[in-house]
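Scroll down for the structure; my scribbles are underneath it.
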Amino acid sequence: MSEVTEGKQPSAGVQLRGQAGGEAPDWLAMTAEELVAYRDEENRRRASPAARAITGDPDPGAAIQWQEVALPGRDLRVRVYRPSPERVDRVGLPLVLHVHGGGFVGTAVQSDWVNSHLAAQLPAVIVSVEHRLLDPETPLSAAADDGWDVLRHVVRHATQWGVDPSRTAVFGESAGALISALAAIRARESGLLLRAQVLVNPAADLTGTMFDHASVTQYADSPTLTVPQLRLFHRFAVPPGTDPRPLSPLHADDLSGLAPALVVVPTHDPVADHGRCYAERLRAAGTPARLTEYPGAGHAFLSMPNVVPQAKAAREEIVAFLREALAE
């Protein structure tokens with residue numbers, strides 16, 4: 001049964017829009033070349049040591065490294081977080097597949113804080129997918145395939161990765177939460193056992209109703225996500241002539257039999273209602289779903305622990321949820 005709780009941390013007034021500096025770009029007028037230049041500059045900033053003042057310091061109890069995953073037709077980088085050897089008492093740790101947010105911009109590095117803490121505290125192996133970012137040549141379906149294909153690859157090669165495939169969960173933020181939700185659906189359809197799914201400020205609706213939710217209107221110009229950014233994301237995600245329903249978990253035909261979900265919703269977020277509605281649909285289909293709201297927090301708050309106090313409470317809730325779900 002789904003439950004709605006409220007985070008107890010006070011609200012934070014310091015948030016970031018996410019641009020690389022200066023005024024925000026004219027999102028809807030941005031050319032493909034301008035997008036690439038913006039993306040490169042912004043991702044360099046997010047991966048820089050200076051960004052730690054916002055994104056937080058990794059847990060020293062976890063080792064972090066990049067690895068290459070050979071997938072059909074492409075190689076993909078993943079950022080892997082492993083607990084220090086002294087924190088591991090057995091072979092075959094739980095696996096958490098993570099998908100970072102951003103859609104058309106973003107990097108796994110921006111999630112080092114939460115993923116390193118998960119690795120050290122669960123303990124578990126966290127594999128964060130550096131998925132293909134959306135642009136005029138790369139729709140959301142490609143990024144969704146990246147998440148799913150990495151999940152299948154690691155599970156199939158569990159011994160090589162040092163994970164227990166029977167204790168697997170998916171975890172995503174924003175667009176990454178959408179990809180994770182789609183992976184949970186594909187896992188059920190393929191018979192791949194998932195123990196849990198964690199969806200943080202998920203975008204769950206890419207259909208014609210995407211912008212009709214009340215939260216989109218109420219927080220249309222929030223500090224960390226705006227409607228123009230959402231419209232650019234939508235344009236890349238589902239190009240003209242593309243059916244948006246297969247990429248919209250909120251409109252999936254069957255949400256029964258999925259892994260139990262934790263849906264984390266910051267209240268000051270344009271897509272807050274996406275998360276609320278998705279949790280309701282999961283519950284109505286018989287899939288256990290817990291909805292937790294963090295009052296005053298904005299979109300992407302989990303990636304900004306040093307400026308948004310609620311991030312720590314959300315991280316602790318995620319750790320507790322996954323520890324129980326992934327227990328032997």
Side-chain angles (χ1 to χ4, degrees), residues 1-9 11-12 15 99 101 103 140 170-185 196-227 229-231 233-234 237 244-245 247-256 258-303 308 310-311 313-315 317-318 320-322 325:
M1 180 175 181
S2 177
E3 63 182 59
V4 180
T5 60
E6 291 189 350
K8 296 180 180 179
Q9 292 285 350
S11 64
Q15 305 260 335
V99 189
L140 180 62
V170 294
F171 164 35
E173 306 168 58
S174 189
L178 188 156
I179 294 169
S180 297
L182 293 173
I185 295 171
Q197 54 180 317
V198 177
L199 311 175
V200 180
N201 42 251
D205 185 2
L206 295 176
T207 71
T209 65
M210 177 179 184
F211 299 95
D212 294 343
H213 300 270
S215 61
V216 175
T217 300
Q218 186 174 4
Y219 299 105
D221 192 33
S222 73
T224 48
L225 182 64
T226 67
V227 165
Q229 287 173 300
L230 280 172
R231 292 196 181 280
F233 170 73
H234 183 264
R245 288 182 59 87
L247 295 170
S248 301
L250 186 59
H251 296 281
D253 291 332
D254 181 10
L255 294 175
S256 65
L258 299 180
L262 170 63
V263 182
V264 176
V265 170
T267 60
H268 288 40
D269 181 0
V271 296
D273 284 341
H274 285 216
R276 293 174 179 128
C277 291
Y278 192 56
E280 288 179 6
R281 275 221 63 203
L282 289 170
R283 179 181 60 184
T287 292
R290 186 167 89 207
L291 170 67
T292 303
E293 302 193 8
Y294 287 84
H299 191 80
F301 79 113
L302 192 62
S303 296
V308 186
Q310 296 97 318
R315 184 197 71 194
E317 180 182 22
I318 292 167
F321 178 79
L322 288 176

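- Using a 4.5 Å cut-off on side-chain heavy atoms (C-beta onward), Leu225 and Tyr219 make no contact.
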Kindly indicate, with the supporting measurements, whether the criterion side-chain contact (heavy atoms from CB on, under 4.5 Å) is fulfilled by Phe301 and Val200.
CA-CA 9 Å; Phe301 79 113; Val200 180; 4.3 Å; yes
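- What you find for Gly298 and Thr224 is that their closest heavy atoms are C-OG1, 4.0 Å.
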Step by step, work out the side chain to side chain donor-acceptor pair (under 3.5 Å) result for Thr226 and Gln229.
CA-CA 5 Å; Thr226 67; Gln229 287 173 300; 3.2 Å; yes
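- Contact between Ile185 and Ala252 at its shortest, heavy atoms only, is CD1-CB, 4.0 Å.
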Take Thr292 and Glu317 through the test side chain to side chain donor-acceptor pair (under 3.5 Å) and record every step on the way to the result.
CA-CA 9 Å; Thr292 303; Glu317 180 182 22; 2.6 Å; yes
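- With rounding to the nearest 0.5 Å, the separation of NE2 in His268 from OG in Ser215 is 12.0 Å.
- What you find for Leu282 and Ala289 is that their closest heavy atoms are CB-CB, 3.9 Å.
- In this structure, His213 contributes its side chain and His274 its backbone to no donor-acceptor pair below 3.5 Å.
- Side-chain contact between Tyr278 and Pro249 is present, with heavy atoms from C-beta onward closer than 4.5 Å.
- Within the 4.5 Å cutoff, no side-chain heavy atoms of Val263 are placed close to those of Val198.
- Using a 30° and 60° split on the angle between ring planes, His234 and Phe211 fall in the perpendicular class, above 60°.
- At least one side-chain heavy atom of Phe233 sits under 4.5 Å from a side-chain heavy atom of Met210.
- Side-chain atoms of Gln197 do not come within 3.5 Å of backbone N or O of Ala261 as any donor-acceptor pair.
- The closest side-chain heavy-atom distance from Leu230 to Pro270 is below 4.5 Å.
- Here the side chains of Asp269 and Ser222 are not in contact, with every heavy-atom distance at 4.5 Å or above.
- Judged by distance alone, with hydrogens and angles left aside, the side-chain atoms of Ser256 form no donor-acceptor pair with the main-chain N or O of Ala285 at under 3.5 Å.
- The closest donor-acceptor contact from the side chain of Arg281 to the backbone of Leu250 lies under 3.5 Å.
- The closest donor-acceptor contact from the side chain of Ser248 to the backbone of Leu206 lies under 3.5 Å.
- The two residues Glu293 and Thr267 make their nearest non-hydrogen contact at OE1-CG2, 3.7 Å.
- No side-chain donor-acceptor contact under 3.5 Å links Thr207 to the backbone of Pro244.
- Across Pro266 and Asn201, no two heavy atoms sit closer than the pair CD-CB, 3.6 Å.
- Residues Val264 and Leu302 form no side-chain contact, since every pair of their non-hydrogen atoms from C-beta on lies 4.5 Å or further apart.
- In this structure, the separation between SG on Cys277 and CG on Leu291 is 10.0 Å, given to the nearest 0.5 Å.
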Verdict with supporting geometry, Leu262 and Ile318, side-chain contact (heavy atoms from CB on, under 4.5 Å)
CA-CA 8 Å; Leu262 170 63; Ile318 292 167; 4.0 Å; yes
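- The two atoms that bring Ala196 and Leu322 nearest to each other are CB-CD2, 4.1 Å, heavy atoms only.
- By the 4.5 Å heavy-atom criterion applied to side chains, Ile179 and Val170 are not counted as neighbours.
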